[in-house]
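See below for the structure under consideration.
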Amino acid sequence: MRAFEYTTAASAAEAVLAVTPGTRFLAGGTNLYDLMKLGVEAPEAVVDVTRVPELARTDTSGPDELVFGSGARMADVAEDPVLLRDYPALAQSLALAASQQLRTMATVGGNLLQRTRCAYFRSTAHPCDKREPGTGCPVRGGLDRGFAVLGLGETCVAVYPGDWAVALLAFDAVIDVLGPSGTRTVPLGDLHRLPGSTPHLEHTLAQDELITAIRVPTTRAGRASTYLKIRDRESYAFALTSAAAALAFDGDAVTEARIAVGGVATKPWRSREAEALLVGGPLTQETARAAGEAIFAEAVPGRHNGFKIELGVRTVADALFHAARTGESR
Ligand SMILES: Cc1cc2nc3c(=O)[nH]c(=O)nc-3n(C[C@H](O)[C@H](O)[C@H](O)COP(=O)(O)OP(=O)(O)OC[C@H]3O[C@@H](n4cnc5c(N)ncnc54)[C@H](O)[C@@H]3O)c2cc1C
């Protein structure tokens, strides 16, 4: 690992002011240090934000929104009683990620900006347009089983690996960001970029912008929600496909539907078209499947990942029924 300067910040403002070119914020370090040890990231300096009390504050008691400080630990948020009761999809998206040890270290802010798990990106022995623009990509036409079928870039098909951002997207979350010129609010849906011809640019934050909080507007659809994650083994694995689904009903009729999918796209993926198909009628096998098919209508299979399309459709359909059943039991 290359030598780097390490500083700690006592406040969010101090953290932002400490940024010089080549600096990264350090939260739990479970992704950043990992990539530094692999030689994929080589920051000149890191600013440790884990001792900033204001970033750890979480408040799920308000009537209008849930607030998660970016420095809150994944394990703690996953066990928040309000989330478990009223927003099971949010709690599950954290509880089903990584391992208990990692969740105890990792923060909900760092989780959003974790980088792809593409093996070529993580190996400096291989070319990678995301790691080093212009060097090429060995995945296309090659071993692409775990790769994206939605939101493909001109050169990059690496999947966005996180679970929490997928669930947050379904709930219209926003993030508060502090930079040298003040605070701004970014809808979660605008945080991650499509790879296009610049796959090395993964998000829309400047280097000196610190995520301070994640805010989720309250909705009664939270109670009938689920995060369904399909993977090669039942724990400690990233999603092959996943779906966050939330529903509200008036009698049998769906009045509100929220669906986002993970494991299949280059960024967290939401489909308003699919949601609209469900509203106004009862949830049936046919409408649930139609919603899944709508999400994957534009999917482009590679050589080995075509199975993700049918698996993704079924994941969405199953998640909708899980969500509906969860709502009935409350
Ligand atoms: C073996 C393994 C399995 C995993 N499985 C899963 C999984 O199934 N699902 C899943 O979702 N995740 C999974 N993860 C990823 C894990 O959840 C992330 O590594 C973790 O959430 C990152 O959080 P952190 O606090 O450690 O971030 P860090 O590693 O400290 O930071 C990550 C990135 O975010 C930036 N950053 C951190 N905080 C801020 C902030 N407040 N503002 C701006 N930038 C910031 C850092 O500069 C860095 O670029 C896995 C990780 C490992 C190692």
Side-chain angles (χ1 to χ4, degrees), residues 4 6 9 11-13 15-16 18-19 22-38 40-52 54-57 68-78 90 92-117 119 122 146 159-169 175-179 183-184 186 191-192 200-214 227 229-242 244 262-263 268:
F4 61 93
Y6 170 90
S11 69
V16 169
V19 173
T23 299
R24 288 274 190 284
F25 294 118
L26 173 73
T30 62
N31 190 231
L32 183 62
Y33 276 161
D34 192 18
L35 293 172
M36 287 167 71
K37 285 188 250 174
L38 292 170
V40 173
E41 294 249 21
E44 304 279 335
V46 300
V47 177
D48 186 337
V49 294
T50 53
R51 287 167 216 176
V52 178
E54 69 210 74
L55 298 184
R57 263 178 232 133
F68 306 101
S70 64
R73 305 287 172 172
M74 289 171 70
D76 294 335
V77 177
L90 290 177
Q92 289 159 1
S93 74
L94 291 167
L96 295 173
S99 64
Q100 184 65 29
Q101 290 94 329
L102 283 159
R103 293 192 294 271
T104 303
M105 282 295 291
T107 63
V108 294
N111 185 277
L112 298 179
L113 297 187
Q114 66 177 289
R115 307 200 66 189
T116 185
R117 307 302 291 191
R122 289 169 59 82
V159 158
Y160 172 78
D163 296 297
W164 167 237
V166 174
L168 288 174
L169 181 64
I175 58 169
D176 291 333
V177 176
L178 180 68
T183 303
R184 67 185 179 113
V186 181
L191 175 63
H192 299 97
H200 58 295
L201 302 177
E202 292 176 335
H203 59 76
T204 53
L205 303 187
Q207 190 203 342
D208 53 5
E209 285 190 309
L210 179 73
I211 302 174
T212 53
I214 300 161
Y227 185 76
K229 180 173 176 180
I230 309 297
R231 37 195 168 166
D232 280 326
R233 54 171 192 264
E234 255 311 290
S235 81
Y236 204 19
F238 288 89
L240 277 174
T241 62
S242 70

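It should be emphasised that the depicted structure is a prediction, and the values quoted were computed from it without experimental measurement. Keep in mind that the numbers below use all heavy atoms, side chains included, and drop hydrogens, waters and symmetry copies. Counting starts at 1 for both ligands and their atoms, in listed order.
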For this session: Report the C-alpha separation of Met36 and Phe4 in whole Å, then their side-chain angles, then the decisive distance to 0.1 Å, and conclude whether the side chain to side chain contact (heavy atoms under 4.5 Å, CB included) test is met.
Result: CA-CA 10 Å; Met36 287 167 71; Phe4 61 93; 3.5 Å; yes
Considering non-hydrogen atoms of the protein only, which is the closest contact for [atom], and what is the distance?
atom                    : result
atom 22 (C) of ligand 1 : Thr30 OG1, 3.4 Å
atom 7 (C) of ligand 1  : Ala98 N, 3.2 Å
atom 38 (N) of ligand 1 : Ala27 CB, 3.6 Å
atom 37 (C) of ligand 1 : Gly110 CA, 3.5 Å
atom 24 (P) of ligand 1 : Gly28 N, 3.5 Å
atom 45 (C) of ligand 1 : Leu113 CD1, 3.9 Å
atom 9 (N) of ligand 1  : Asp163 OD2, 2.7 Å
atom 12 (N) of ligand 1 : Gln114 NE2, 3.2 Å

Consider every N or O of [X] and every N or O of ligand 1, then say whether any pair is closer than 3.5 Å.
X      : result
Leu26  : no
Leu205 : no
Gly109 : no
Arg117 : no
Arg24  : no
Ile211 : yes
Leu102 : no

With atoms numbered from 1 as shown, which atoms in ligand 1 lie under 4.0 angstrom from a non-hydrogen atom of [X]?
X      : answer
Ser70  : 41 (N)
Glu209 : 43 (C)
Gly162 : 11 (O)
Ala97  : 7 (C), 8 (O), 9 (N), 10 (C), 11 (O)
Asn31  : 19 (O), 29 (O)

Between the main-chain N or O of [Y] and the side-chain N or O of [X], is there a donor-acceptor pair closer than 3.5 Å?
X      : Y      : answer
Thr116 : Val159 : yes
Lys229 : Asp163 : no
Glu209 : Val177 : no
Gln207 : Thr23  : yes

Decide whether the shortest distance between a heavy atom of [X] and an atom of ligand 1 is less than 4.0 Å.
X      : answer
Leu210 : yes
Met74  : yes
Ala237 : yes

Testing the basics here: between [X] and [Y], what is the closest heavy-atom pair and its distance to 0.1 Å?
X      : Y      : result
Ala106 : Thr30  : CB-OG1, 3.8 Å
Leu94  : Arg103 : O-CD, 3.0 Å
Tyr236 : Arg231 : N-NH1, 3.7 Å
Ala15  : Phe25  : O-CE2, 3.7 Å
Val77  : Trp164 : CG1-CH2, 4.2 Å

Exercise. With respect to Thr212, which candidate in Leu55, Val49, Val16, Val52 satisfies the side chain to side chain contact (heavy atoms under 4.5 Å, CB included) definition?
Worked result: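 Going through the options one by one, the only one that passes is Leu55.
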For this session: Run through Gln114, His192, Arg115 and flag the one making a side-chain hydrogen bond (donor to acceptor under 3.5 Å, both in side chains) with Glu202.
Result: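 Between Glu202 and the candidates, side-chain hydrogen bond (donor to acceptor under 3.5 Å, both in side chains) is satisfied uniquely by Arg115.
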If hydrogens are left out, which of [options] has an atom nearest to [atom], that is, the closest non-hydrogen atom?
atom                    : options                       : value
atom 8 (O) of ligand 1  : Arg115, Lys229, Arg231        : Lys229
atom 4 (C) of ligand 1  : Phe238, Phe25, Trp164, Tyr236 : Phe238
atom 21 (O) of ligand 1 : Thr50, Leu178, Val177, Asn111 : Asn111

Exercise. Given the rule in the side chain to side chain contact (heavy atoms under 4.5 Å, CB included) test, do Val47 and Leu210 qualify, once you have shown the distances and angles that lead to the verdict?
Worked result: CA-CA 11 Å; Val47 177; Leu210 179 73; over 6 Å; no
Problem set entry | Step-by-step side chain to side chain contact (heavy atoms under 4.5 Å, CB included) determination, Ile175 to Leu168 | CA-CA 10 Å; Ile175 58 169; Leu168 288 174; over 6 Å; no
For this session: Flag the pair Leu26 / Thr50 as yes when at least one side-chain heavy-atom distance between them is below 4.5 Å, and no otherwise.
Result: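 Contact flag for Leu26/Thr50 side chains = no.
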